[in-house]
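For reference, the structure discussed in these notes is given below.
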Amino acid sequence: MADIRSLHDAVRDLVHDGDTVALEGFTHLIPFAAAHEIIRQGVTGLTLARMTPDVVHDQLIGAGAARKLVFSWGGNPGVGSLHRFRDAVENGWPHPLELDEHSHAGMANRYVAGASKLPFAVLRGYRGSGIPGRTDTVATVTCPFTGEQLAAVAALNPDVTVVHAQQADRHGNVQFWGLTGVQKEAVLAAGRVLVTVEEIVEGALEPRPGSVVLPGWVIDAVALVPGGAHPSYAAGYSVRDNDFYQRWDAVSRDRDTFLRWLDENVWNVRNVREGS
Amino acid sequence: MSGTDGAARCGRDELMEVNAARALAGARNCFVGIGLPSTAANLARRTVNPDLVLVYESGTIGSRPTRLPLSIGDGELADTADAVVSVPEMFNYWLQGGRIDVGFLGAAQLDRFANINTTVVDRGPDRPEGRLPGAGGAPEIAANCGAVLIVLRHTRRNLVPALDFVTTVGHGAGPGDRAALGMRGAGPTAVITDLGVLRPDPDTAELVLSALHPGVTTEQAREATGWDLRVAPDLTVTQAPTDAELSALRALKAAGGRAS
């Protein structure tokens with residue numbers, strides 16, 4: 001059974017320097033508040049895994065938390081480049097950032113293999129692409145039944161996976177719905193799991209169409225963080241703050257402007273709700 | 001109304017967007033990239049193909065957004081969909097399963113065989129590689145859809161003699177390469193730009209200029225192409241956008257989350 005904890009305490013106990021940390025959310029339910037807590041606690045040397053690193057990873061990378069990024073598409077969706085990500089990759093600021101780069105199909109299957117506790121997954125992928133030449137986590141296997149050459153991708157098993165969900169109950173069972181992305185696989189692939197939620201309901205979770213329900217016994221900690229996905233959103237609770245994503249372009253373009261933003265919006269913000 | 005008059009009433013981007021939408025006539029479903037492909041696919045549903053099933057890699061099948069989404073994760077895509085599936089299911093069962101007719105992609109760099117680079121650009125010997133967003137879904141979209149459409153602005157920076165990196169294979173190095181790689185679909189069948197339409201030569205798979213938008217010259221298209229662009233013997237001029245197409249496009253953009 002998952003413990004209901006403060007975000008501060010959950011991050012302190014579950015996320016350590018040098019960990020591989022998956023903060024997932026395919027354009028929905030992105031765990032921004034948890035990422036900010038990771039920055040505030042000064043965790044460093046992380047290998048960050050995410051199919052679609054976007055603004056939250058720009059913040060983590062710019063803040064110096066990351067050593068490596070495992071990903072398949074890095075950008076500010078519909079807006080443009082991630083300037084902090086590019087500055088780290090191109091100029092090594094604030095630290096050099098090692099990349100392990102995939103396609104979406106490959107990354108999704110790496111989590112599937114991780115959740116299945118298999119060493120790798122197979123797909124028809126990467127054919128003719130230069131990507132396998134830049135990573136040691138793609139290889140070729142021969143189908144034992146047909147002889148077809150297929151791509152193999154190494155399992156991705158994060159030390160910690162962090163996701164945001166709409167609801168939990170008092171036992172730490174979690175439910176999320178809408179675009180559910182790759183979170184189920186990322187959670188079941190991980191050694192430790194932290195879920196931030198919009199709401200903790202009294203009694204049993206009310207089943208929602210198309211929802212994913214994760215039993216509390218696969219989760220280490222649940223933290224109540226209403227609005228914890230902002231500027232991303234939680235369907236049924238909030239809407240995506242598209243203006244923020246558009247404004248981020250100017251904030252992130254310049255190192256000093258970014259650092260001021262980080263001071264005002266992350267470093268100097270105490271987790272008021274939890275009183276930590 | 002003559003074609004030139006029609007072109008005068010609209011911008012080059014609108015010519016590109018209207019013709020990209022037209023390329024979806026007759027398709028049952030389309031795997032839609034964000035940006036220009038999404039504009040085209042949503043316009044197609046309002047013009048040439050009202051029943052087109054829009055599939056977004058965020059997991060939505062059959063979305064009917066009332067406005068252009070800013071991202072593939074906008075809530076309206078899920079709220080209006082026939083089905084919402086997980087990302088592994090989308091890529092494994094729907095895309096790899098061969099259930100998608102048309103994949104619609106953008107590109108940062110495109111070569112004469114419609115191969116795509118969205119990973120890194122070479123900025124010269126003394127500078128680090130310029131970083132692009134990466135592959136996303138494109139390598140497997142291009143491999144597994146029945147056909148691929150590509151939309152991008154026609155400049156020498158975009159249409160290059162040699163890619164700095166091959167992210168996604170279109171036709172490889174020529175005819176037969178897709179089959180040799182075990183790629184199932186037909187690959188890129190049209191590249192729609194703001195100057196015209198390029199299509200692969202049936203014999204060589206090399207992209208050739210097959211249509212110009214009204215008011216654009218062959219020399220303009222050749223000048224804006226980084227390789228020696230050949231011209232199809234039966235070069236045509238695209239039909240000028242109709243009032244209905246332009247008003248649908250402008251209404252879509254006015255209600256949309258995107259500036260372009």
Side-chain angles (χ1 to χ4, degrees), chain A residues 25-28 30 51-52 54 71-79 81-82 85-86 89-92 99 101-109 111-112 123-131 134 148-150 177-185 209-210 212 232-233 235 239-240 242 245-246, chain B residues 34-35 38 56-60 69-75 77-79 83-92 95-96 115 117-120 123 127-144 163 165-169 172 177-178 181-184 257-259:
Chain A
F26 203 92
T27 70
H28 173 217
I30 298 164
M51 288 187 65
T52 52
D54 55 14
F71 77 113
S72 42
W73 189 89
N76 184 346
V79 178
S81 289
L82 293 178
F85 159 67
R86 288 191 59 173
V89 173
E90 295 173 5
N91 308 311
L99 300 180
E101 184 161 2
H102 285 267
S103 67
H104 279 346
M107 272 293 279
N109 279 293
Y111 281 125
V112 168
L123 67 154
R124 288 197 183 91
Y126 300 97
R127 293 185 172 185
S129 173
I131 295 171
R134 289 197 171 203
E148 183 177 358
Q149 297 284 302
L150 296 163
W177 63 87
L179 298 170
T180 56
V182 74
Q183 287 97 303
K184 183 187 211 173
E185 290 75 14
V212 172
S232 179
Y233 70 106
V239 295
R240 192 174 192 269
N242 282 340
Y245 283 87
Q246 286 170 322
Chain B
I34 205 64
S38 182
Y56 285 87
E57 66 191 10
S58 52
T60 67
L70 179 69
S71 85
I72 55 170
D74 282 22
L77 295 177
D79 295 343
V84 180
V85 303
S86 75
V87 167
E89 176 177 331
M90 176 59 73
F91 282 96
N92 286 344
L95 183 62
Q96 186 172 249
N115 304 301
N117 172 22
T118 54
T119 302
V120 288
R123 298 188 296 184
R127 299 189 63 196
E129 289 177 331
R131 185 63 227 188
L132 301 172
E140 286 76 27
I141 292 171
N144 292 314
L163 300 183
F165 184 89
V166 179
T167 311
T168 298
V169 169
D177 265 24
R178 288 185 62 88
L181 288 165
M183 301 172 85
R184 291 176 298 178
R258 289 181 60 80

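Chain letters run A, B, ... following the sequence lines, proteins first, then strands; residues in each count from 1. These values consider heavy atoms only, across backbone and side chains, with no hydrogens, waters or symmetry-generated copies. Because the structure is predicted, anything quoted here is derived from the model rather than measured.
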[X] and [Y]: which non-hydrogen atoms are nearest, and at how many Å?
X         : Y         : answer
Gly128(A) : Leu181(B) : N-CD2, 3.9 Å
Glu101(A) : Thr119(B) : OE2-CG2, 3.4 Å
Asn91(A)  : Pro128(B) : OD1-CG, 4.4 Å
Val84(B)  : Gly178(A) : CG1-O, 3.5 Å
Ala135(B) : Ser103(A) : CB-CA, 4.1 Å
Ser86(B)  : Thr180(A) : CA-OG1, 4.2 Å

Can you tell me how far CD1 of Ile131(A) sits from OG1 of Thr168(B), rounded to the nearest 0.5 angstrom? 6.5 Å
Taking NZ, NE, NH1 and NH2 as the nitrogens, is one of them in Arg134(A) or Glu129(B) under 4.0 Å from a carboxylate oxygen of the other? yes
Per-residue contact mode, [X] against chain A (heavy atom under 4.5 angstrom):
X         : answer
Arg178(B) : neither
Glu57(B)  : both
Pro139(B) : side chain
Arg127(B) : neither
Asn92(B)  : side chain
Asn115(B) : neither

Can you tell me which of Gly25(A), Gly75(A), Ala108(A) forms the most heavy-atom pairs within a distance under 4.5 Å of chain B? Ala108(A)
Using a cut-off of under 4.5 Å on heavy-atom pairs, state which of Asn144(B), Val85(B), Asn117(B), Thr167(B) scores highest against chain A. Thr167(B)
Tell me if a side-chain donor or acceptor on Gln96(B) pairs with a main-chain N or O of Arg124(A) at a distance below 3.5 Å. yes
